[in-house]
Peer 1: 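This is the structure I want to talk about, given as structure tokens.
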Amino acid sequence: MKNIMHPYDIRHETDMVEPLDFNRRSRLKDVDKCFKAEITNVIRLTDMEKLFQIRMVNDKDWERFIFLPGQFVMLELPGYGEIPISFSSSPSIRSTIELCIRKAGKVTQALHKAKRGAIVGLRGPFGTYFPMERMKENNILLIAGGLGLAPLRAPISFVIENRADFKEVHILYGAKEPSQLLFDYQYDAWHRIDDLNLQVIVEHPDKSWVGPVGLITRLLEDIKVPPDKTYAIVCGPPIMFKFVCKRLSEMGVPMQRMFVSLERRMHCGIGKCCRCNIGSTYSCLDGPVFDFWTVMNLKEAI
Amino acid sequence: MLFKTIKKQDLFDLYFSDVQCIGPKKVGTNYKGKPIYQFLPFSSFDEINLDYETTEYSAKTYFLPYKETLSSFQFKDDDWDQEINYRTRPRVIIGLHPCDINALVKLDKVFEKTLFPNPYYITRRQNTFVVGIDCKKSCDHGFCSSLGSYTVTHGFDLFLTDIGDRYFVKIGSDRAFNALQKIETREITKDDNELYLQTRNKFEDGLEKTVRVENLPNLLDIEFESDVWKKWGDKCLSCGTCAMVCPTCYCYGVTEHISMDFNKSDKIKQLYSCNLNDFAQVAGGHNFRPEPATRLKYRYYHQHRGFVESFGQPMCVGCNRCGRICLAGINPTDVITDLQREQKR
Ligand SMILES: Cc1cc2nc3c(=O)[nH]c(=O)nc-3n(C[C@H](O)[C@H](O)[C@H](O)COP(=O)(O)OP(=O)(O)OC[C@H]3O[C@@H](n4cnc5c(N)ncnc54)[C@H](O)[C@@H]3O)c2cc1C
Ligand code: SF4
Ligand code: SF4
Ligand code: FES
């Protein structure tokens, strides 16, 4: 029997199919491999969120690490666990990636204690993305609620970098309280960009707040765009994008032109563990980015 | 496919002494006095019974172990190294019934023939020599006839059918072909063919089609809010046993475990069940499927709709292990029948 059943070792397989993603492009054995990355900067955004700038340790890995706005990465903190996090920076910045992380549980709490120089692991990029190319030559509404600004920052950067390709650009952002506003140091820079409409609204203002007060849908009231020449990207909690998308529908924007990003529990990111299923759709493979028409057709989506 | 026949006792000469062998072993009797079998390692053929009816657990554990270390992190100062290991030791499993082999074929679709092939599964699968055998009569409550999983065409190395004093053998791989060189084989005669077909026809005539499943993908969508889910869901204990014994359920969770000396951390994969309370719970406490009923529904939804959408066939093979083992008496045939009755009302 021995000579019939040679131990078959997958590590000797070399000619695997050339696929799209990083972990797939690498040889089959690397499916579970974390690529080493160093935290180069930690920026405190609020009490709950920090922005981590991360760079691959190995330059070769880096060259192949290409992502698109809306995709996510599995961030491994050895000893603690692995979590899905959306890219929060522009895909065109080739020196570092940025991940904005909220303190929520075991892994994220440990990450918040991590210092510059810490070595973490990355697997990815995974998932679907916002079809930025398709959106060109159109008006674009970039709408975020709460932590939703973290994933939205990637398409925002893309749109700003390729401003000439888009018509009207509106960035609308809402949060519960002023103290929870993310990336507040960037608003000024965005404001200064000519012909780009940025509006921020809070539900519960504090004494120093001078901007608009209310729910994010209020900001949509003043926006007049031809609906069939408009795309929208909406990131935020389900209840928020449900109302926003409803309002956009009323404005006449087709559901297939609205994109949202859904979050589910994830343990693999590659369509195996089933933890991320919505109905029976894998949000790690077929999502996290979905158009709203698809979301409407998913069981248990909202 | 190549066919041969072999003398029954010659199978024992194929006995693979230098590799681990697994087969249906009797481990006890149940309260009805029926023997209970499990797929367990054995060292001589007297320990197993190839005429067994069914096993309590499926042979899935040998391909998707309940617990498995995916990788280990070795810490060095402020740095770490990741070590990934796959099981590559050969193994032989003897006595898998068609439903169990069909279940493996379905798992192949998920773990081998997809976007992200899974090395852990593939090495186990490639290093396992599968000897299947046809059932003599349908098992208690099995509904393989509804799912067409009582015949197999691939996914095994050798497949045996008892035709009296000989086995009718299907040869499914070149390594099986080579293994057969060790014993005396006979080309198929006309009589062998006749006997084989008779045996199979007799078996198939004894099968009853208990439930219909073709309409389930559509029905599950329409009856998403049905009271049937509440009825059965309220009984469910959310224990997850059904998924553990199922030959096709594959969902899992990953956790990390640090060694006592803090020098090492293991990333451990553990099979999970969508019926367990925290299956879809996320940080902050929100649970996308808080009630047992929604979780139970989800299991059927994945088995009979989601899988059909992805792979063109249901995931369930109708072995009814989940129904037999459930402490709450939730049997898939009853649930499906109820759902269909709902539709007719
Ligand atoms: C596609 C996607 C993008 C995300 N992007 C961001 C982001 O940019 N910034 C950010 O702060 N958070 C993001 N999250 C949420 C983030 O993944 C969770 O906050 C994180 O997993 C919590 O892990 P924990 O160990 O701290 O929590 P615990 O409650 O201790 O969770 C234990 C384990 O459960 C799983 N888990 C728990 N909650 C979630 C969840 N919401 N989503 C997925 N897995 C979960 C993880 O495997 C985690 O390790 C994203 C989630 C998804 C699915
Ligand atoms: S269906 Fe039965 S076996 Fe499955 S979780 Fe519910 S009580 Fe447990
Ligand atoms: S769901 Fe039940 S009947 Fe179907 S394959 Fe799994 S254990 Fe067998
Ligand atoms: S995260 Fe594991 S299947 Fe999607």
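Order of the sequence lines fixes the chain letters, A, B, ..., with proteins taken first and strands second; residue numbering starts at 1 for each chain.
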Peer 1: Any ion pair linking B/Lys269 and A/Asp32 (charged N to carboxylate O, less than 4.0 Å)?
Peer 2: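 No, no charged N to carboxylate O under 4.0 Å.
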Peer 1: Would you compute the distance between atom OG of B/Ser71 and atom NZ of A/Lys33 and round it to the nearest 0.5 angstrom?
Peer 2: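 Atom-to-atom, B/Ser71:OG and A/Lys33:NZ are 11.5 Å apart.
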Peer 1: Using a 6.0 Å cut-off, check whether atom OH of B/Tyr66 has over 12 heavy atoms from anything other than its own residue.
Peer 2: no
Peer 1: Please determine, among B/Lys264, B/His302, B/His286, the option with the most heavy-atom pairs under 4.5 Å with chain A.
Peer 2: B/His302
Peer 1: Could you check whether any side-chain heavy atom of A/Asn277 comes within less than 4.5 Å of a side-chain heavy atom of B/Tyr298, counting everything from C-beta outward?
Peer 2: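 Side-chain contact under 4.5 Å: yes.
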Peer 1: Hey, mind stepping through B/Phe73 and A/Tyr80 against ring pair (Phe, Tyr, Trp, His ring centres under 6.0 Å) and telling me if it holds?
Peer 2: CA-CA 11 Å; B/Phe73 295 98; A/Tyr80 292 92; over 10 Å; no
Peer 1: Which atoms of B/Phe75 are under 4.5 Å from chain A, going by heavy atoms: the side chain, the backbone, both sets, or neither?
Peer 2: side chain
Peer 1: Identify the two heavy atoms, one from B/Tyr250 and one from A/Cys274, that lie closest to each other, and give their separation to 0.1 Å.
Peer 2: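 Looking at all heavy atoms of both residues, the shortest contact is CE1-SG, 3.4 Å.
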Peer 1: Got a second to check how far B/Ser265's OG is from A/Leu77's CG, nearest 0.5 Å?
Peer 2: 9.5 Å
Peer 1: Considering all heavy atoms of both residues, which atom of A/Cys34 and which atom of B/Gln82 are nearest to each other, and what is their separation?
Peer 2: N-OE1, 2.8 Å
Peer 1: So, for B/Asp78 and A/Ile119, which heavy atoms are closest and what is the spacing to 0.1 Å?
Peer 2: O-CG1, 4.0 Å
Peer 1: Is it the case that atom CZ in A/Phe243 sees more than 12 heavy atoms from other parts of the structure closer than 6.0 Å?
Peer 2: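 At most 12 heavy atoms, drawn from other residues, nucleotides or ligands, come within 6.0 Å of this atom.
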Peer 1: Using non-hydrogen atoms and a 4.5 Å limit, figure out which bit of A/Glu82 sits close to chain B: side chain, backbone, both or neither.
Peer 2: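 Backbone plus side chain of A/Glu82, per the 4.5 Å heavy-atom cut-off to chain B.
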Peer 1: Top residue by heavy-atom pair count (under 4.5 Å) with chain A, among B/Lys297, B/Gln281, B/Glu309, B/His257?
Peer 2: B/Gln281
Peer 1: Relative to chain A, which of B/Val282, B/Asp157, B/Val254 shows the most heavy atom pairs under 4.5 Å?
Peer 2: B/Val254
Peer 1: Does atom NZ of A/Lys106 have more than 12 heavy-atom neighbours from other groups under 6.0 Å away?
Peer 2: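 Count over threshold, so yes.
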Peer 1: Enter the distance from A/Lys272:NZ to B/Leu64:CG here, rounded to the nearest 0.5 Å.
Peer 2: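 If I round to the nearest 0.5 Å, the distance is 11.0 Å.
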Peer 1: Counting only non-hydrogen atoms closer than 4.5 Å, does A/Ile83 touch chain B with its backbone (N, CA, C, O), its side chain (CB onward), both, or neither?
Peer 2: neither
Peer 1: With chain A as the partner, which of B/Tyr121, B/Tyr272, B/Phe307 has the greatest number of non-hydrogen pairs under 4.5 Å?
Peer 2: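 Top option by heavy-atom pairs under 4.5 Å: B/Tyr272.
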Peer 1: Is it true that, when you exclude A/Asp47 itself, more than 12 heavy atoms of the residues, nucleotides or ligands shown sit nearer than 6.0 Å to its CG?
Peer 2: no
Peer 1: Find the distance between CZ (B/Phe288) and CZ (A/Arg275) and round it off to the nearest 0.5 Å.
Peer 2: 13.0 Å
Peer 1: Check step by step if salt bridge (Lys or Arg N to Asp or Glu O under 4.0 Å) holds for A/Lys36 and B/Asp81.
Peer 2: CA-CA 9 Å; A/Lys36 271 194 196 178; B/Asp81 274 314; 3.5 Å; yes
Peer 1: Kindly determine whether A/Glu76 and B/Glu256 satisfy side-chain contact (heavy atoms from CB on, under 4.5 Å), including the steps that lead there.
Peer 2: CA-CA 10 Å; A/Glu76 165 78 43; B/Glu256 272 178 44; 2.4 Å; yes
Peer 1: Among B/Ile258, B/Thr255, B/Asp221, single out the residue with the greatest number of heavy-atom pairs under 4.5 Å to chain A.
Peer 2: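 Of the options given, most contacts go to B/Asp221.
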Peer 1: Is A/Arg265 positioned over the aromatic face of B/Phe279, cation under 6.0 angstrom from the ring centre and no more than 45 degrees off axis?
Peer 2: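 No; the conditions do not both hold, so A/Arg265 does not lie above the ring face of B/Phe279.
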Peer 1: What are the two closest heavy atoms between B/Trp80 and A/Val120, and how far apart are they?
Peer 2: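 Taking B/Trp80 first and A/Val120 second, the nearest heavy atoms are CZ2-O, 3.2 Å.
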Peer 1: Quick check on B/Lys113: does its NZ atom have over 12 non-hydrogen neighbours (other residues, nucleotides or ligands) under 6.0 Å away?
Peer 2: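 Atom NZ in B/Lys113 is packed in, count exceeds 12.
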Peer 1: Measure the spacing between CD1 of A/Ile270 and OG1 of B/Thr114 and express it to the nearest 0.5 Å.
Peer 2: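 Between A/Ile270 CD1 and B/Thr114 OG1, I get 8.0 Å after rounding to 0.5 Å.
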Peer 1: Go through the steps to decide whether A/Leu285 and B/Phe116 satisfy the test side-chain contact (heavy atoms from CB on, under 4.5 Å), and finish with yes or no.
Peer 2: CA-CA 10 Å; A/Leu285 295 179; B/Phe116 296 91; 3.7 Å; yes
